[in-house]
Structures are given as structure tokens and as C-alpha cells.
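Remarks on the structure that follows.
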Amino acid sequence: MKLSLLSAFAAALLLAGRSLAGPSIPELLDQDKPFVMLAETDFRALHLTLPDGGKHVTNLALAAPGGAFDPRDVAKIDPQLLGYKADWFVERYTRYNLPWDITGLRLTSNDPGAKNYPWLVIMNGGAANVYEFFIDLKNRPGWGQYLAQKRNVLIVTIPGNFRYGGWDKPIAERDPAFLLDRDLTPDEALVYNSVFTNRVIFQGLKQMLMKNTTGDLLLIGHSTSGELPHLAQGDPELKARLNGRFLGWGSGGPVRVKSVITAKHEADPKYKPAPTLTGGGGGDDGGARKWTEPGEFWLNSLARRTPAVYSRVYSRWSNPLYEPGDSVLDIATKWLDVEGRRRANFKQPLEDLEHSDNFYMKGEVEVGIERALKKTGNPWGVNLEDVQKDLCSTSFSPAEGYRTMVWCVGKLDGHWNAIYPAAGGDVGIAAEYRLRNPKAKIRVIGWDLNVTHYAHVEVPEQLAAAIIDVTAWMMKQGS
Amino acid sequence: MKSFFTTAAATGLLALTAAANDAVEQKISQLLDDPKAVYVSLSTPDFMSLGWALPDGGKTVTALALAAPGGAFDPRDVAKIDPKVLGYKADWIVERYQHYNLDWDITGLRLTSNDPDAKKYPWLIIMNGGAANVYEFYVDLKNRPGWGQYLAQKLNVMIVTIPGNFKYGGWDEPVNSEKRQPAYLLDRELSMDEYEIRNCLLTNTNVMQGLKQLLMKNTTGDLLLIGHSTSGEMAMLANNDPELRARTNGRYLGWGSGGPAKLDLVQAARAKLSGKPAARPGIPGFPEARGTPAPEREPMALHLLSRRSKDTYARGYSRWLNPLYESGDSTYDIADKWIKAEGRRRAQFKQQIQSIEHGGGIEKKGWIEVSIENLLKKTGNPWGVNLEEVSAELFSTHYTKMDGYKRMVWTTAHYDRNHWVPEDPMKSPEVFFATEYRRVNPNAEVRLINWDPLMTHYGHVELPKQLAEATYSVVRWLCR
């Protein structure tokens with residue numbers, strides 16, 4: 001009998017997919033601490049299943065050159081096989097007198113309980129797009145597919161970063177696909193890249209959300225797009241739908257808050273930056289970047305992804321392409337090779353600049369845009385005045401009005417500090433939000449395993465299950 | 001008989017003066033008509049021939065000022081003087097408004113001209129720069145008639161003092177005393193905690209709200225906003241406001257005004273891109289261009305005021321047309337006399353936030369937020385100031401709209417070295433600003449006129465009479 005009870009308990013644990021080594025995610029999030037960490041064992045025990053094991057989407061991807069399958073084809077697959085109904089949206093909108101396309105892959109969960117939760121809106125960072133949030137680097141089921149088993153999901157690709165069939169040209173030569181029905185001329189590419197502000201992206205995002213979702217929202221801006229949820233907080237319509245909630249995944253904080261943290265550090269004679277395991281972020285030289293070095297059209301000089309850049313901190317041992325004996329450069333090389341067609345692998349300097357503390361460069365940006373317009377003759381009638389008023393909007397994101405905020409971070413992500421977790425980037429940002437939202441429940445949860453900024457392609461199933469737990473906890477906090 | 005000759009002589013002199021004035025006005029108009037000139041200059045003899053008389057020679061106001069300690073007469077007393085004696089009807093207006101959950105007072109001395117033609121022209125709104133106030137635009141340093149009095153003979157004028165810079169009876173405390181604080185509210189003193197937080201909150205958007213309320217409630221019709229010095233930002237910010245933009249009607253008039261701070265960064269970017277040094281050559285002993293970073297200097301706490309001293313005023317502001325100048329005076333002597341003579345009624349301080357927003361130091365946004373946050377924390381924030389609201393408005397001066405202009409004129413003085421470089425006029429800041437506005441407004445008539453006498457940034461206290469007619473001529477050209 002005793003044995004039978006124990007067996008039943010063990011079976012229950014297995015059924016729950018958990019063999020807990022420490023507190024569960026809700027238990028951790030209930031703790032009002034600067035940060036908490038989920039034990040590796042518990043993270044790895046997280047589990048979700050797909051109705052068809054993901055094979056229909058995988059087959060679609062494997063059949064397409066470079067894995068660049070047409071998302072419209074996903075929409076043709078029976079939702080019963082997928083666990084969700086897929087829809088592909090292209091929203092065209094106008095800003096600065098130019099048309100722009102933004103895309104969304106909407107996954108409406110078959111789970112009737114999904115409607116009790118906000119739409120999870122995932123927005124790619126600078127050089128990525130929909131693919132890496134939907135399938136992994138080997139075309140196996142990705143984060144979005146798992147999430148959509150329990151939540152309604154919309155994966156947004158920012159303008160320029162998705163192209164039907166991917167790019168034929170090498171990374172070093174390709175242009176963003178700001179319009180999906182035609183390629184841009186070199187002059188157009190110059191101007192589009194030069195005026196690619198966060199405000200441009202935000203307008204498209206808002207249109208996408210207002211037209212294609214209803215009810216509450218949770219905006220997950222990955223990496224550079226971490227700015228977007230904070231800009232949304234400044235928009236009355238989206239703010240109402242965010243309902244005081246924030247969910248971050250590799251998101252960091254808005255430049256506005258980062259500059260406040262920098263100012264505090266500068267004012268503190270005792271402050272010394274804590275050593276990090278990673279030696280910094282994985283971006284494009286951060287503060288040392290010489291933005292204008294490429295010359296007068298520097299705004300058109302895209303940051304192109306290379307193995308060297310991606311080996312710094314993004315390519316580690318949970319990467320699906322890692323094989324024993326691989327160096328980090330080997331992983332990065334394979335990554336950029338397999339994602340060479342369907343992934344954008346570039347980022348506009350302006351988007352990057354607005355995401356780092358470079359407000360002082362506003363004048364240089366204005367002059368850069370002016371030069372681009374002058375060179376091309378500006379047949380589109382872009383008004384520099386319209387652009388300048390949008391510049392550095394990220395330095396003005398509101399930081400209050402929150403009730404529940406959770407930052408989720410991988411241990412090897414530059415947003416975390418694996419040596420001194422209390423000194424981690426997102427921990428510091430969350431502390432600033434606590435100051436401004438003293439009644440809010442503000443949490444930072446780290447996944448205590450060797451996953452990077454790209455854990456959504458490293459451990460997508462577990463990450464999805466973790467995020468589902470986090471969102472369930474968030475909803476229990478009320479609104 | 002003697003009286004007859006005297007009257008006839010006076011009448012003849014007036015007629016001759018009127019004729020001369022007409023000729024010079026025509027000359028100013030012709031100069032401004034030149035679409036190709038980057039800038040034009042009015043000669044010293046022409047400039048010096050300008051000016052008209054006041055009905056009472058200004059003596060009634062002068063008497064009022066001389067009777068008040070430190071010349072700090074009550075502007076409400078001006079309103080009691082018969083308009084026929086002054087040439088205009090004076091009204092003193094205090095507008096209270098709320099910003100950042102705090103009350104603020106902004107003042108205006110409204111001078112409605114007796115000249116019926118005045119209504120054909122826009123209201124001329126003069127806004128003081130950082131450390132000044134209404135007085136120096138209304139009387140000179142010896143309490144003789146000032147620029148505003150002369151202007152009001154022909155134009156409707158309002159002299160605006162930004163919040164904090166006017167105090168009934170002036171300040172008892174010395175300029176350098178920490179106790180000398182801005183009079184943000186005219187009916188009561190504030191605690192030091194409140195002064196300190198307010199000193200950090202005097203953003204240009206804050207001032208703009210008060211200015212707009214003052215203008216919308218107390219003037220009608222078109223406007224010409226003259227923002228002197230630091231308040232040059234105000235005229236540019238008004239272009240962002242639909243209601244004020246409609247009333248400025250595409251016109252701009254500058255006097256020692258410069259351009260919006262956003263152009264400082266553009267100027268630096270152009271210089272960097274061209275590989276050439278910054279446009280303005282360095283002048284030994286003269287203040288650096290605004291916004292020039294001084295990394296070697298420890299930043300002053302944000303709530304502390306920048307206080308005027310003879311050293312700073314000797315550099316470029318005190319020269320030989322100053323009413324207090326006497327033969328043999330050094331520029332330090334002039335500055336010393338000036339600071340003393342104006343020690344009571346003139347504010348003589350400037351909030352750092354005003355200067356920072358007027359310069360290119362937008363990288364200081366984080367520091368400003370932290371400074372305010374710390375003060376709010378220290379004081380417990382009994383006022384309910386919301387830092388979020390402040391953050392959203394910081395550096396509005398870097399987002400001023402530059403388009404929509406039809407006619408713009410910058411007026412400068414030969415020796416206003418923050419705006420004019422007599423050794424190499426093409427490197428003058430005002431040349432740069434006007435050029436930038438020409439670029440954005442290619443169909444507009446954008447002009448820059450320099451007054452050739454050795455006037456400084458404070459030409460309005462040096463040659464107020466002549467400057468008034470020169471300004472009037474420019475206004476007529478703007479409205480022709």
C-alpha cells in the first residue's frame with residue numbers, strides 16, 4: 001500500500017512532467033527578490049508536446065531551399081495537426097511618406113483555455129525574423145509552435161527582415177525587404193535604411209496588433225526589439241491592452257532607463273562594473289562602435305552578421321548545431337551557414353543606435369538622412385522634419401503604470417551575469433522599475449543552465465513551458 | 001516770438017528726423033529684400049539716426065524707478081499712469097498655471113500702443129533670457145526709457161518674464177547668496193527644498209505652457225515672438241504648438257536669439273562630416289560656444305543656480321555703449337557697476353536645466369533624471385511631482401519643428417559675440433542658423449541683418465531708442 005502510494009506520487013510527478021529539484025516557477029515568482037533562478041534540472045524537466053510532433057512544419061521547411069518555407073503554406077495545414085490555427089499577415093502602412101510592410105504569423109491555439117490569457121506577441125531582434133521563433137536551426141519545432149499549444153501567439157517580423165524565399169545574395173550584399181512585393185532600388189534602400197527608426201516599426205506593430213488580435217497583450221520584444229513593449233506603454237490604446245503587464249525574454253530595458261542606470265553609476269565613486277563571464281554583449285561593439293566611420297551614408301551601412309560576431313556570446317553548447325569538439329566559432333559558422341538564406345542577418349545602424357545610449361548623435365543622424373535624401377533627389381517626398389521628431393523615441397519611454405513585470409533570462413545571456421547575478425543587466429533594469437512602480441510585482445527569473453540570448457532556438461520546448469508557467473503566474477496576480 | 005522760433009525749429013527738426021527715419025527704414029527694407037545675401041548690415045550712422053521721442057520723454061517711468069529701492073518699481077504702478085503720458089496703455093498681468101503638479105507664475109507687462117496703426121502689426125512679444133527680467137527691456141540701466149517703451153509707441157508689445165525671474169521689490173539677498181532664489185510664486189516664499197526641486201523643473205516645456213497661457217489669454221491676432229538669449233528656444237518651440245503656430249503665421253523675428261538647441265548637434269555633425277573645425281573660431285578669453293562640453297569641470301548639482309558675476313559679464317556683455325560706461329573704465333569696471341546697479345531688481349541667476357536644454361548636452365538626460373529623482377527622494381516629494389512627466393519633456397528644444405516659415409529675420413549686434421563674429425561674419429552662429437532654416441524652408445524669405453554699432457548682446461540697454469526703430473522697420477518688412 002505504502003509502495004502503491006509512492007508509485008502514485010511518482011506517477012503524478014511524471015505526469016506533471018516535473019521532478020522538482022527546487023521551487024517551481026510560480027513559487028519562485030512569488031518571492032519578492034531582486035532575482036530568482038530556476039534550477040537546471042527543473043528547467044530541463046519542463047515538457048510540452050505537439051500533436052504531430054512538429055513533423056508537418058519540419059517537412060515544409062526541409063523542402064524549401066535554405067529552409068525558407070512560405071509561411072502562407074503553414075496556414076494551409078490542418079490546425080488539428082498543429083495544435084493551433086496558423087494565419088499569415090502582411091500589413092502595409094505609410095510613414096515618412098514611404099510604404100512599409102510588417103508581417104505576423106498568428107498562431108491561434110486549439111486550447112480553449114488560451115483565450116483566458118493575453119496574446120503572446122513575439123517580436124524579433126535586429127537581425128532575425130519569424131523563422132527562429134517558429135522552428136529551430138535544424139527545422140525542428142520551435143518556441144512558437146510549443147507556446148501555441150497553450151497560448152495564442154503572434155510572431156512579428158519587423159519591416160525588412162522577412163523575404164519570401166529568403167535572400168539569394170550573400171549576407172554581405174543583401175538588402176532588407178521593406179516591401180514584400182518588390183525589391184527596392186539602391187536609392188530606396190539607402191533612404192529606407194536611413195530612416196528606419198523605432199517609431200517606424202512601432203507604427204506597423206500597432207497596426208498589426210489592432211487589426212489582428214483582440215483582448216490583452218503581452219509583448220515580448222527580443223533583443224533590440226526590447227524597446228517596442230516600452231514604446232507601447234506610451235501608446236494609450238496599446239497601454240490599455242497591456243494592462244500593466246510586461247514580459248521580457250532577452251529584452252533588457254529601454255534606453256531611457258539604461259541611461260539613468262549609467263548616470264547613477266557615473267555618480268557613484270565606488271561603482272565598479274562587475275566582471276562578467278561573457279565579457280559583454282554579443283552585438284556590434286556596443287559603446288566602442290564607430291558609427292559614422294563608413295562615411296556620409298553610414299546609416300546605410302548595415303551591421304552584417306558574421307561567425308566572429310556570433311561566436312562571442314551567442315554560440316554555445318546548447319545550440320542545436322553544436323557537436324562535441326566544436327569551438328564557438330565552429331558553431332557560429334554553422335549557424336550562419338544554415339540560416340544564410342531565410343534569416344536577415346543584418347541590422348540597420350539607426351535601429352541599433354536608438355537601442356543604445358546615443359542620444360547625443362541625433363544631429364549626426366539628421367545630417368545623415370539629409371545626405372541620403374539629397375543624393376537620391378528624394379522623389380518620395382520624405383520630410384526630414386517628420387523623421388527628426390521621431391528620433392531617439394526610445395529615450396522617452398514611460399517607465400510607470402506597471403502592475404506585473406517579469407524578465408526571463410538565460411544564464412549565458414549578456415542580460416544576465418553568471419558570476420555576479422545581482423549585478424546582471426536585467427536585474428538592474430528591474431530595480432529601476434521597482435522604484436517607479438512600488439506597488440507592482442516585479443520579478444527577474446534566470447534559467448540556471450548554459451543557455452544564451454538565443455535559448456529559444458536552443459531549448460525551445462522547455463522555454464515555452466517555462467513561459468507558459470510565467471504567464472499563468474502573471475495572470476494570477478490580477479490586473 | 002522766441003517761442004514761435006523754438007516751436008518751428010523743433011517742428012523742422014522732427015520733420016527732418018522723420019525724413020531721415022523714412023530713408024533709413026527704406027534702406028533696411030531694401031537690405032532685407034536682397035534674396036541672395038547671406039547677411040546684410042546697417043551702417044552705424046544709419047542706425048544711430050534712428051529713434052523717436054516719447055510723449056513725456058520717459059520721465060514718468062524714470063521717476064517711478066528712481067523712487068524705488070534698486071529701481072525695482074512695481075509694474076502695477078506703471079499701469080496707473082495715464083496712457084497719454086506714456087504713448088501706450090500699460091497692464092501688468094500675472095498668470096498662474098500648473099505644471100508637474102506645481103503652481104508657477106509667469107508675468108507680462110502689456111503695452112498697448114496709442115498708435116492706431118499698431119493693430120495692423122503682430123503683437124511683439126519680448127521674452128527675457130536666463131538671468132534677466134522685464135526691467136531691462138523697459139528701462140535702461142540708468143532708469144531711462146528702455147527698448148519696450150520706444151517700441152510701444154508704434155507697436156503693441158508684451159514683455160514676458162519667465163517664471164522665477166521677477167520678484168515684487170526685487171531681491172534683498174546678494175547675487176551670490178544661496179538664499180536668493182527664483183520667485184516662482186509671487187505671493188509667497190518657498191522652502192529651500194521646494195526652490196531646489198523647482199530649479200530642476202524649469203524646463204522649456206514648462207515655461208512654454210506659461211507663455212502660451214499668457215499669450216492666449218491676453219493678446220489677440222498675430223504674434224512675433226522675440227526670445228532673447230536662452231529664451232530663443234521659446235519662439236522655436238511655439239512652432240510646435242498648433243495654436244501658436246497659427247498666430248505666428250510663418251513669421252519669425254530674432255534679437256540675440258540664435259537657433260534651437262537641436263541645431264547645435266547638427267552643426268557639430270556637419271563640421272565632423274566635412275572634416276573642418278567647428279564654425280566659430282575661438283576667441284581668447286571669450287566664453288565657449290553654448291553646449292561645449294567641459295569634461296574637466298566637475299558638474300554642478302542640478303538644483304544649484306548659475307549666478308551672474310562681474311567676471312562673466314565683463315567677458316562679452318560689458319562694452320563701451322553700456323550706459324554705465326565712463327571713460328577709462330575697463331570692461332570689468334562696467335560689469336561691476338552693472339551687477340551692482342541691477343543687483344536688486346534683476347534675477348542674476350539662471351537654472352542649469354535652462355542652459356542644458358539650450359545646449360547640445362542631450363547625453364545628460366539620464367543625469368538630469370537621476371538628479372531630480374534624488375531630490376524627490378530626499379524631500380519625500382510632498383508636491384507629488386511625477387518624474388515620468390518631467391522625463392517625457394526633457395530636451396524638447398531638440399525637437400523643434402523647423403518648417404512652415406514664410407519670413408524670418410534674425411537681428412544681431414556687431415559685438416554680440418555669441419551670435420556674431422565680426423572678424424569673420426560668415427562663421428557667425430546666426431549665419432549658420434539662418435542657413436539651416438533656408439534649407440528647410442526654401443520658399444521662405446530668410447534674412448539676417450546685423451546692426452553695425454559696437455552693441456553687445458545687450459544692445460537693448462545700450463541703444464534702446466535706435467534699436468526700437470530698427471526693430472520696427474524689420475517688423476514692417478516682415479508684415480509688408
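Lettering of chains follows the sequences in order, A, B, ..., and the numbering in each one begins at 1. Worth saying up front: this structure is predicted, and the values here are computed from it rather than measured.
- The shortest side-chain heavy-atom distance between A/Phe396 and B/Glu393 does not fall under the 4.5 Å cut-off.
- With rounding to the nearest 0.5 Å, the separation of CG in B/Asn240 from CD in A/Glu385 is 8.5 Å.
- Of all heavy-atom pairs spanning A/Ala263 and B/Gly366, the tightest one is CB-C, 3.5 Å.
- One distance of note links CG of B/Leu387 with CD of A/Glu400; it measures 9.0 Å at 0.5 Å rounding.
- Taking OH of A/Tyr360 as the start and CD1 of B/Ile362 as the end, the distance is 10.0 Å to the nearest 0.5 Å.
- Residue with the most contacts toward chain B among A/Arg256, A/Arg371, A/Glu366, A/Lys264: A/Arg256 (heavy-atom pairs, distance under 4.5 Å).
- At least one side-chain heavy atom of A/Arg436 sits under 4.5 Å from a side-chain heavy atom of B/Glu388.
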Assess whether side-chain contact (heavy atoms from CB on, under 4.5 Å) is satisfied between B/Arg439 and A/Leu384, documenting all intermediate values. CA-CA 11 Å; B/Arg439 183 180 55 73; A/Leu384 180 55; 4.2 Å; yes

Evaluate the side-chain contact (heavy atoms from CB on, under 4.5 Å) criterion for residues A/Leu435 and B/Glu373: first the C-alpha distance (whole Å), next the side-chain angles of each, then the deciding distance (0.1 Å), finally the verdict. CA-CA 10 Å; A/Leu435 283 175; B/Glu373 179 190 314; 3.5 Å; yes

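- With a 4.5 Å cut-off on non-hydrogen atoms, A/Glu266 does not touch chain B at all.
- Under the 3.5 Å distance criterion, the side-chain polar atoms of B/Lys262 are left unmatched by any main-chain donor or acceptor of A/Gly363.
- Because its NZ or CZ atom is both nearer than 6.0 Å to the ring centre of B/Tyr399 and within 45° of the ring axis, A/Lys362 counts as a cation-pi partner of that residue.
- In this structure, a donor-acceptor pair under 3.5 Å is absent between the side chains of B/Glu363 and A/Asn358.
- Neither the backbone nor the side chain of B/Ser371 comes within contact range of chain A; no heavy atoms are under 4.5 Å apart.
- In A/Tyr420, the OH atom is not crowded: 12 or fewer heavy atoms of neighbouring residues, nucleotides or ligands sit closer than 6.0 Å.
- Residue B/Asn386 touches chain A through its side chain alone, counting heavy-atom pairs closer than 4.5 Å.
- With a 4.5 angstrom heavy-atom cutoff, B/Ala392 touches chain A only via backbone atoms.
- Heavy atoms of B/Lys272 lying under 4.5 Å from chain A belong exclusively to its side chain.
- Between A/Leu391 and B/His398, every side-chain heavy-atom pair lies at or beyond the 4.5 Å cut-off.
- Salt bridge annotation for A/Glu364-B/Arg270: absent, with no cationic side-chain nitrogen under 4.0 angstrom from a carboxylate oxygen.
- Using a 4.5 Å cut-off between heavy atoms, A/Asp357 does not touch chain B at all.
- Rounded to the nearest 0.5 Å, atoms CD1 (B/Ile368) and OG (A/Ser259) are 10.0 Å apart.
- With a threshold of 4.5 angstrom between heavy atoms, A/Ile261 does not approach chain B through any atom at all.
- A donor-acceptor contact closer than 3.5 angstrom is absent between the side chains of B/Lys365 and A/Ser395.
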